[in-house]
K.L.:
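First the structure, which I've put down as structure tokens, then a few questions once you've had a look.
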Number of protein chains: 2
Amino acid sequence: MTNAGRNHGGRPVQLDEVSKKIIEQLQADGRRSYADIGKAVGLSEAAVRQRVQKLTDAGVMQIVAVTDPMQLGFTRQAMIGIRASGDTRDLADRLAEIPEIDYVVLTAGSFDLLAEVVCEDDDELIELLNTSIRNLDGVLTTETFVYLKLRKQFYNWGTR
Amino acid sequence: MTNAGRNHGGRPVQLDEVSKKIIEQLQADGRRSYADIGKAVGLSEAAVRQRVQKLTDAGVMQIVAVTDPMQLGFTRQAMIGIRASGDTRDLADRLAEIPEIDYVVLTAGSFDLLAEVVCEDDDELIELLNTSIRNLDGVLTTETFVYLKLRKQFYNWGTR
DNA sequence: AGTGAAACGACCGTAGA
DNA sequence: TCTACGGTCGTTTCACT
């Protein structure tokens, strides 16, 4: 189960209804057996297996464990909007190295970057902002949006 | 493989090093066999399976398929900051019903809500902003941050 | 909470339509 | 790209520690 063959070109893949159904099944339960999925979509176990292989090799889909930060004791989350000078790709790289940051995206708009942080508590968040983030070369100003309640989350993916 | 027994109380669970290692293995590959994981963490297959069962039942972890919107032809993503009046929980509920929105969070700061949208192209994004989002009762102003490049994404989860 | 063993079911490779 | 099938390996259950 390697990552070999990822479609780094990023050309969209045309999916038929059957593959979409297979993905739906695995979005509900990533460990569902290929045989079970086959019954649900009307295909043999081997055919399902081949399609899943193709989809993961092409980088359309990944089957992974997703954790709940709250349950792991990370009670404080926030999105940080960053206005920057210089090369934002470079800054994004440096932000990505910070373990408390789980999400970094380069944007167009009144922020140049958005970064999501996962912290144990407010103290860790303050520490992170004051030492790790605002001190970075190229960071002009930041704006913090502390999460009060997560209402919806659907799993997409697209780091490349 | 139901969702039964989710720990909706949200009390943090204390995890030992072994469970953390198991989660790490599954974050890398959600379909890795329990036997393999057992070899990696020094536990029998049955013990690993019991722990994984517990972790998923407690709501600490979920094993799911995560898709890449780009590969599925959704070439335009954006974060939308929303300033609102009235009950933001109510507004969040209505935003969550919009299929193009995959992420809604209530925040403290200069936005009341953040919503992430996944669109096929710019036209769909414009349409969505003008018709579905800005027209909602309670939406005062919006600010859109179009994604240029996703740099880092780590899978967390916490909708309740 | 963990191991070990036996029965069962899933997965994988290959052959063939 | 699919089905069919046999060998191998993973999973499940249970008795035991």
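Because only heavy atoms are used, hydrogens play no part in the values below, and waters and symmetry mates are left out as well, while side chains stay in. Below, read A as the first sequence line, B as the second, and so on, with proteins coming before strands; counting in each chain starts at 1.
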K.L.:
Who pairs with B:Lys54 by salt bridge (charged side-chain N to carboxylate O under 4.0 Å, His left out), at least two apart in sequence or on another chain?
P.N.:
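B:Lys54 satisfies salt bridge (charged side-chain N to carboxylate O under 4.0 Å, His left out) with no residue once adjacent residues are dropped.
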K.L.:
Roughly how far apart are A:Ile23 CD1 and A:Ile63 CD1, rounded to 0.5 Å?
P.N.:
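The distance works out to 10.0 Å.
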K.L.:
Compute the bend angle of the helix from C:dA1-D:dT17 to C:dA17-D:dT1 from the end axes (five pairs per end), rounded to 10°.
P.N.:
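The two end axes of the helix from C:dA1-D:dT17 to C:dA17-D:dT1 meet at 30°.
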K.L.:
For A:Ala96, is there any backbone N or O sitting under 3.5 Å from a side-chain donor or acceptor partner on B:Lys152?
P.N.:
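Here the side-chain-to-backbone pair exists.
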K.L.:
Between atom CD in A:Gln53 and atom C1' in C:dC12, what is the gap in whole Å?
P.N.:
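Taking atom C1' of C:dC12 as the reference, CD of A:Gln53 is at 10 Å.
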K.L.:
Using a cut-off of under 3.5 Å, enumerate the N/O to N/O pairs linking the protein to nucleotides 3-9 of chain D.
P.N.:
{"unit_1": "D:dT3", "atom_1": "OP2", "unit_2": "A:Ser44", "atom_2": "N", "d": "2.8"}
{"unit_1": "D:dT3", "atom_1": "OP2", "unit_2": "A:Ser44", "atom_2": "OG", "d": "2.5"}

K.L.:
Just to verify, what does B:Asp123 make a salt bridge (charged side-chain N to carboxylate O under 4.0 Å, His left out) with, not counting sequence neighbours?
P.N.:
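For B:Asp123 there are no salt bridge (charged side-chain N to carboxylate O under 4.0 Å, His left out) partners, ignoring immediate neighbours.
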K.L.:
Please answer: with hydrophobic residues joined when any side-chain heavy atoms are less than 4.5 Å apart, are A:Val118 and A:Ile126 in the same cluster?
P.N.:
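No, it is not one cluster - the side chains of A:Val118 and A:Ile126 are not joined through contacts under 4.5 Å.
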K.L.:
State which residues pass salt bridge (charged side-chain N to carboxylate O under 4.0 Å, His left out) with A:Asp87; sequence neighbours excluded, sorted by chain then number.
P.N.:
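Applying salt bridge (charged side-chain N to carboxylate O under 4.0 Å, His left out) to A:Asp87 gives A:Arg89.
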K.L.:
With ILVMFWY side chains joined below 4.5 Å, transitively, what does A:Leu128's cluster contain besides itself?
P.N.:
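Its cluster partners, ordered by chain and number, are A:Ile80, A:Ile82, A:Leu91, A:Leu95, A:Ile98, A:Ile101, A:Val104, A:Leu106, A:Leu113, A:Val117, A:Leu125, A:Leu129, A:Ile133, A:Leu136, A:Val139, A:Val146, B:Leu148.
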K.L.:
Find the distance between CG (B:Asp102) and CD (B:Gln77) and round it off to the nearest 0.5 Å.
P.N.:
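Interatomic distance, B:Asp102 CG to B:Gln77 CD, rounded to 0.5 Å: 6.5 Å.
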K.L.:
If you assign A:Asp36 and B:Asp16 each to the DNA chain C nucleotide with the nearest heavy atom, which residue ends up on the more 5' nucleotide?
P.N.:
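Taking each residue's closest nucleotide, the earlier one in sequence belongs to B:Asp16.
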K.L.:
Tell me every residue that passes salt bridge (charged side-chain N to carboxylate O under 4.0 Å, His left out) with A:Arg134, counting only those two or more places apart in sequence or in another chain.
P.N.:
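In terms of salt bridge (charged side-chain N to carboxylate O under 4.0 Å, His left out), with neighbours along the sequence ignored, A:Arg134 is linked to no residue.
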K.L.:
Any ring-ring contact (aromatic ring centres under 6.0 Å, His included) pairs touching residues 39-95 of chain B, not counting sequence neighbours?
P.N.:
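Found none.
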K.L.:
Check the interface with nucleotides 15-17 of chain D: list each N/O to N/O pair with the protein under 3.5 Å, or write none.
P.N.:
none

K.L.:
Could you give the CD1-to-C1' distance, from A:Ile37 to C:dG9, as a whole number of Å?
P.N.:
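Rounding to the nearest Å, CD1 of A:Ile37 and C1' of C:dG9 are 15 Å apart.
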K.L.:
Using whole Å, what does the distance between atom P of nucleotide C:dA10 and atom CG of A:Asp29 come to?
P.N.:
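Taking CG of A:Asp29 and P of C:dA10, I get 13 Å after rounding.
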K.L.:
Contacts to DNA chain C from residues 17-27 of chain B, heavy-atom cutoff under 4.0 Å, which residues?
P.N.:
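Heavy-atom cutoff 4.0 Å gives no residues at all.
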K.L.:
Per the ring-ring contact (aromatic ring centres under 6.0 Å, His included) rule, what does the pair list look like for residues 88-113 of chain A, sequence neighbours excluded?
P.N.:
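Sorted result for residues 88-113 of chain A: A:Phe111-B:Phe145.
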K.L.:
Please answer whether the main-chain N or O of B:Gln62 pairs with a side-chain N or O of B:Thr56 as donor and acceptor at a distance below 3.5 Å.
P.N.:
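Such a contact is absent between B:Thr56 side chain and B:Gln62 backbone.
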K.L.:
Report the residues that fulfil side chain to side chain donor-acceptor pair (under 3.5 Å) with A:Arg51, sequence neighbours left out, ordered by chain and then residue number.
P.N.:
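Listed in chain order: A:Asp16, A:Ser19.
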